[in-house]
Structures are given as C-alpha cells and as structure tokens.
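Worksheet: one structure, shown below.
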Amino acid sequence: MNVLELSICISLFCLGIREITDDIGGRIGYPLKEFVLKKEFPLWILKPTILCVTCMASFWGSLSYFTLSFLEGGCDCLLKTETWIVWIIVCLSVSFLNTILWGLRNKILGVQ
C-alpha cells in the first residue's frame, strides 16, 4: 500500500472512531466516552485514542502503520530507515487530513 492510500485509510479510521464517540445524535460509542471521562482517565491517554482527531494520528497511525509493515515485511522492516521515514510522513499526513476533514464535517453540521 502506498503512502497516500495508507494515509487516507488511517484518516478515515480515526475519523470513524471520533464520529461514533461523539455526543451529537446519541452515537453508539458515546457511552464509552462518557464513562472514561467520568473515571477521569488522563488526557494524555484519552486525546490520542478517542478525543482529538489531530492527536489520534499519532496513536492510531503508528499502530496501523507498524501492524501493516510487520505483516508485509516481518521484523526486518523495523531495521530499514525507509520504514521510519515513511512512518513520520504517514502520521503527519493523517494528522493534517484529520484536522481538515473534521473541520469540514463540523462546518457542514453547523457545530462550533
């Protein structure tokens, strides 16, 4: 999978997670979000997992990228410089896409 395809797939995954945990319209994942907020989980855990679309690129992007790289190339992929450079490019691209698309979504829905 090339960098563009990977970035788009990861971005859509992150936006999907963020969308299903949103409080607008009683989304199916909102009770989970409400539960972890009541339990006062640290923000440094919540932001990259379910709260912040820009921050989600670091956690979900890394998890997805290294899982796919490992499945494709095995442990040897971690020794290649190219793997680490592409990882940085993918995470930055996903962060940018997430921010732009979430802002567009909010503008269309008239939120904030």
Side-chain angles (χ1 to χ4, degrees):
M1 197 178 281
N2 68 33
V3 175
L4 181 61
E5 290 173 343
L6 189 58
S7 297
I8 290 171
C9 287
I10 295 170
S11 179
L12 291 174
F13 178 77
C14 292
L15 291 170
I17 290 174
R18 180 64 180 90
E19 182 66 34
I20 66 168
T21 59
D22 204 18
D23 58 346
I24 296 175
R27 305 285 197 250
I28 193 167
Y30 182 68
L32 171 66
K33 179 180 172 183
E34 193 175 38
F35 172 77
V36 296
L37 287 173
K38 282 182 182 176
K39 292 292 182 182
E40 297 180 5
F41 279 76
L43 281 180
W44 63 270
I45 293 174
L46 292 179
K47 277 194 170 190
T49 53
I50 62 170
L51 290 183
C52 174
V53 291
T54 306
C55 306
M56 290 170 92
S58 63
F59 179 76
W60 294 110
S62 298
L63 187 67
S64 302
Y65 177 76
F66 285 115
T67 300
L68 292 172
S69 295
F70 180 75
L71 291 174
E72 187 176 294
C75 290
D76 294 337
C77 72
L78 298 176
L79 303 174
K80 298 178 184 175
T81 307
E82 177 187 347
T83 302
W84 296 95
I85 293 171
V86 172
W87 168 62
I88 292 169
I89 292 169
V90 166
C91 284
L92 290 174
S93 301
V94 170
S95 180
F96 175 75
L97 279 172
N98 285 354
T99 305
I100 296 296
L101 293 174
W102 191 255
L104 181 63
R105 175 246 185 217
N106 287 340
K107 186 175 179 179
I108 289 171
L109 292 178
V111 180
Q112 298 172 351

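All residue numbers in this chain count up from 1 along the given sequence. Both backbone and side-chain heavy atoms feed into the values below; hydrogens, waters and symmetry mates do not.
Considering every non-hydrogen atom in both Ser11 and Leu101, the closest pair reads OG-CD1, 4.1 Å. Contact record, Ser69 with Thr83: OG-CG2, 4.4 Å, taken as the closest heavy-atom pair. Heavy-atom minimum distance, Leu4 versus Asn2: N-OD1, 3.1 Å. When every heavy atom of Tyr65 is checked against every heavy atom of Glu82, the shortest pair comes out as OH-O, 4.4 Å. Looking at every heavy atom in both residues, Val53 comes nearest to Trp102 through CG2-CB, 3.6 Å. Taking all atoms of both residues into account, the shortest heavy-atom contact from Ala57 to Ser95 is CB-N, 3.4 Å.
Using a 4.5 Å cut-off on side-chain heavy atoms (C-beta onward), Ile10 and Leu97 make no contact. For the pair Ile100/Leu104, no side-chain contact is recorded, criterion being any heavy-atom separation below 4.5 Å from C-beta on. Side chains of Arg18 and Arg27 form no contact here, defined as non-hydrogen atoms less than 4.5 Å apart.
Hydrophobic clustering keeps Leu51 apart from Tyr30 (ILVMFWY residues linked when any side-chain heavy atoms are closer than 4.5 Å, directly or through intermediates). Following chains of ILVMFWY side-chain contacts shorter than 4.5 Å, one can reach Leu68 starting from Trp87, so the two form part of one hydrophobic cluster. Leu15 is not connected to Leu6 by any chain of hydrophobic side-chain contacts under 4.5 Å among Ile, Leu, Val, Met, Phe, Trp and Tyr, and they are in different clusters.
Atom CD of Glu72 is surrounded by 12 or fewer heavy atoms from other residues, nucleotides or ligands within 6.0 Å. Within a 6.0 Å radius of NZ in Lys33, more than 12 heavy atoms belonging to other residues, nucleotides or ligands are found.
With respect to Leu92, the side chain to side chain contact (heavy atoms under 4.5 Å, CB included) criterion is satisfied by exactly one of Ile88, Ile89, Val94: Ile88.
Rounding to the nearest 0.5 angstrom, the gap separating the CD1 atom in Ile50 from the SG atom in Cys14 is 13.0 Å. The structure places CD1 of Ile20 at 8.5 Å from CG of Leu32, a figure rounded to the nearest 0.5 Å. Atom-to-atom distance recorded for Asp22:CG and Ile28:CD1 is 14.0 Å, nearest 0.5 angstrom. Atom OG of Ser93 sits about 10.0 Å away from atom CD1 of Ile8, to the nearest 0.5 Å.
Close placement of the Trp84 and Phe66 rings is indicated, their centers lying within 6.0 Å of each other.
For the pair Ser62 (side chain) and Phe59 (backbone), a donor-acceptor distance under 3.5 Å is absent.
Donor-acceptor pairing under 3.5 Å is lacking for the side chains of Asn98 and Thr54.
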